[in-house]
Amino acid sequence: MSTHEYSRIVSLNFSPETSGQPMMYNLAKLFDLTFSILQANINPRQEGHLILELSGTPERYQQGVAYLQEHGIKVTPVANQISRNEESCMHCGLCTALCPSKALLVNPETRLVDFDHDKCIACNRCVVVCPVHAMQVEVNQSTW
Ligand code: SF4
Ligand code: SF4
C-alpha cells in the first residue's frame, strides 16, 4: 500500500462517443493508477456506467479524474451518493442482507446497523428495500 495509499470508489458515466475509447488502459498507463471494476452496465443507447475503485497517489488520482473529465466522462465519488437518515433508520437489518459490498452491517456488539460510506458502491438496493426510506440518494459532488 505504500505507493497506492489513496483509494476511492467512483462512478463513471460514458457517452456513446467515449465508451469505445481505451480510457481505463490510459488511466493505468499515464497516471499509474490501479482500478478494479465493481459494477458495469451499458444501456441500449450505448451509454456506459461503471463503478470502480481507483487507487494511486492522491496527486495521480486527481490527475486521472481530470483526464477522464476532459474526455467527457462524468465522474462522481460514490461515497457522496448514498446517505442514511439516522433519525429514520430503525436498524431492522433488512438492507444488510442485500448490500453487496458489506457497507451495511450489523454491529455484533451494539446490534445496530453500521453504514460505512467508503465501502458503498451505490447499487441502490438498500434505497429500494428500506421500509422507512432511510437510505437516500444524494446529488453532491463537492468532496474528493
Ligand atoms: S432497511 Fe432501512 S431501517 Fe432497516 S436497517 Fe436498513 S436503513 Fe435502517
Ligand atoms: S447502495 Fe446500499 S446496498 Fe448498495 S452498496 Fe451502498 S449501502 Fe450497500
Side-chain angles (χ1 to χ4, degrees), residues 1-16 18-28 31-69 71-144:
M1 284 296 283
S2 57
T3 54
H4 289 146
E5 75 277 7
Y6 191 82
S7 180
R8 286 287 181 279
I9 296 174
V10 291
S11 149
L12 307 185
N13 286 292
F14 298 75
S15 65
T18 48
S19 62
Q21 296 179 30
M23 289 296 166
M24 295 301 112
Y25 171 78
N26 290 345
L27 210 55
F31 305 104
D32 196 24
L33 290 168
T34 57
F35 61 89
S36 57
I37 295 174
L38 305 174
Q39 209 177 91
N41 294 304
I42 190 153
N43 70 23
R45 287 184 298 161
Q46 299 296 305
E47 288 161 343
H49 179 224
L50 282 182
I51 302 232
L52 45 89
E53 182 167 15
L54 270 182
S55 307
T57 65
E59 189 186 16
R60 294 295 201 167
Y61 173 84
Q62 298 288 356
Q63 290 168 348
V65 167
Y67 172 80
L68 292 173
Q69 290 171 329
H71 287 80
I73 297 171
K74 188 174 170 222
V75 188
T76 314
V78 162
N80 293 349
Q81 289 186 357
I82 304 287
S83 68
R84 181 170 69 176
N85 184 328
E86 300 301 334
E87 289 179 10
S88 303
C89 176
M90 55 184 185
H91 298 273
C92 67
L94 203 56
C95 55
T96 62
L98 295 172
C99 178
S101 64
K102 309 275 183 248
L104 287 157
L105 278 180
V106 176
N107 184 316
E109 288 173 14
T110 62
R111 308 305 302 167
L112 297 174
V113 174
D114 290 341
F115 175 41
D116 184 345
H117 271 106
D118 291 338
K119 289 187 183 162
C120 175
I121 61 167
C123 70
N124 272 6
R125 291 183 197 176
C126 58
V127 177
V128 175
V129 80
C130 179
V132 293
H133 307 293
M135 301 305 296
Q136 296 161 347
V137 183
E138 290 186 354
V139 182
N140 174 359
Q141 303 183 31
S142 59
T143 311
W144 285 96

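Whatever order the structure lists them in is the order used to number ligands and atoms, beginning at 1. No experiment lies behind these values; they were computed from the predicted model shown. Along the sequence shown, the residues carry numbers beginning at 1.
- Across all non-hydrogen atoms, the minimal contact from Val10 to Pro77 is CG1-CA, 4.1 Å.
- Taking every heavy atom of both residues into account, Ala122 and Ile82 meet most closely at CA-CG1, 3.9 Å.
- None of the N, O or S atoms belonging to Cys92 lies under 2.8 Å away from atom 6 (Fe) of ligand 1.
- Between the CD atom of Glu53 and the CG atom of Leu33 there is a distance of 12.0 Å, given to the nearest 0.5 Å.
- Close approach to Met135 involves these atoms of ligand 1, each under 4.0 Å from a residue heavy atom: 7 (S).
- Of all the atoms in ligand 1, the ones that sit under 4.0 Å from a non-hydrogen atom of His91 are 5 (S), 8 (Fe).
- Below 4.0 Å from some heavy atom of Ser101 lie the following atoms of ligand 2, by number and element: 5 (S).
- Using a 4.0 Å cut-off to heavy atoms of Val132, the atoms of ligand 1 that qualify are 3 (S).
- Close approach to Cys130 involves these atoms of ligand 1, each under 4.0 Å from a residue heavy atom: 1 (S), 2 (Fe), 3 (S), 7 (S).
- Remark: Glu59 CD is loosely packed, at most 12 non-hydrogen atoms of other residues, nucleotides or ligands lying under 6.0 Å away.
- In this structure, NZ on Lys119 lies 10.0 Å from CD1 on Ile9, to the nearest 0.5 angstrom.
- Within ligand 2, counting atoms from 1 as listed, the ones closer than 4.0 Å to a heavy atom of Cys126 are 1 (S), 2 (Fe), 3 (S), 7 (S).
- For atom 3 (S) of ligand 1, the nearest protein heavy atom (residue, atom name, distance) is Met90 N, 3.4 Å.
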Next item on the list: List the steps and the verdict of side-chain contact (heavy atoms from CB on, under 4.5 Å) for His71 and Tyr67.
Entry: CA-CA 6 Å; His71 287 80; Tyr67 172 80; 3.2 Å; yes

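- Listed by number with element, the atoms of ligand 2 under 4.0 Å from a non-hydrogen atom of Ile121 are 5 (S), 6 (Fe).
- Among all non-hydrogen protein atoms, the one lying nearest atom 8 (Fe) of ligand 1 is Cys89 SG, 2.4 Å.
- With a 4.0 Å heavy-atom cut-off, ligand 2 is reached by no atom of Leu98.
- Shown here for Cys95 and Val129, the closest heavy-atom pair between the two residues is CA-CG1, 4.1 Å.
- Considering every non-hydrogen atom in both Ser11 and His49, the closest pair reads OG-NE2, 3.1 Å.
- When heavy-atom distances to ligand 1 are checked against a 4.0 Å cut-off, Thr96 has no atom that comes that close, whether in backbone or side chain.
- Contact detail for Thr57 and Tyr6: the closest heavy-atom pair is C-CB, 4.1 Å.
- Atom numbering of ligand 2 starts at 1 in the shown order; those under 4.0 Å from a heavy atom of Phe115 are 7 (S).
- Nearest to atom 4 (Fe) of ligand 2 among the protein's heavy atoms is Cys123 SG, 2.3 Å.
- Of all protein heavy atoms, the one closest to atom 6 (Fe) of ligand 2 is Cys120 SG, 2.4 Å.
- Residues Val78 and Cys120 share a closest heavy-atom pair of CG1-O, 2.9 Å.
- Taking CG from Leu54 and CD1 from Ile37, the interatomic distance works out to 10.0 Å, rounded to the nearest 0.5 Å.
- The protein heavy-atom contact nearest to atom 7 (S) of ligand 2 is Leu104 CD1, 3.4 Å.
- Residue Cys95 has at least one heavy-atom neighbour below 4.0 Å for each of these atoms of ligand 1: 1 (S), 5 (S), 6 (Fe), 7 (S).
- Near Val113, meaning under 4.0 Å from one of its heavy atoms, ligand 1 places the atoms 5 (S).
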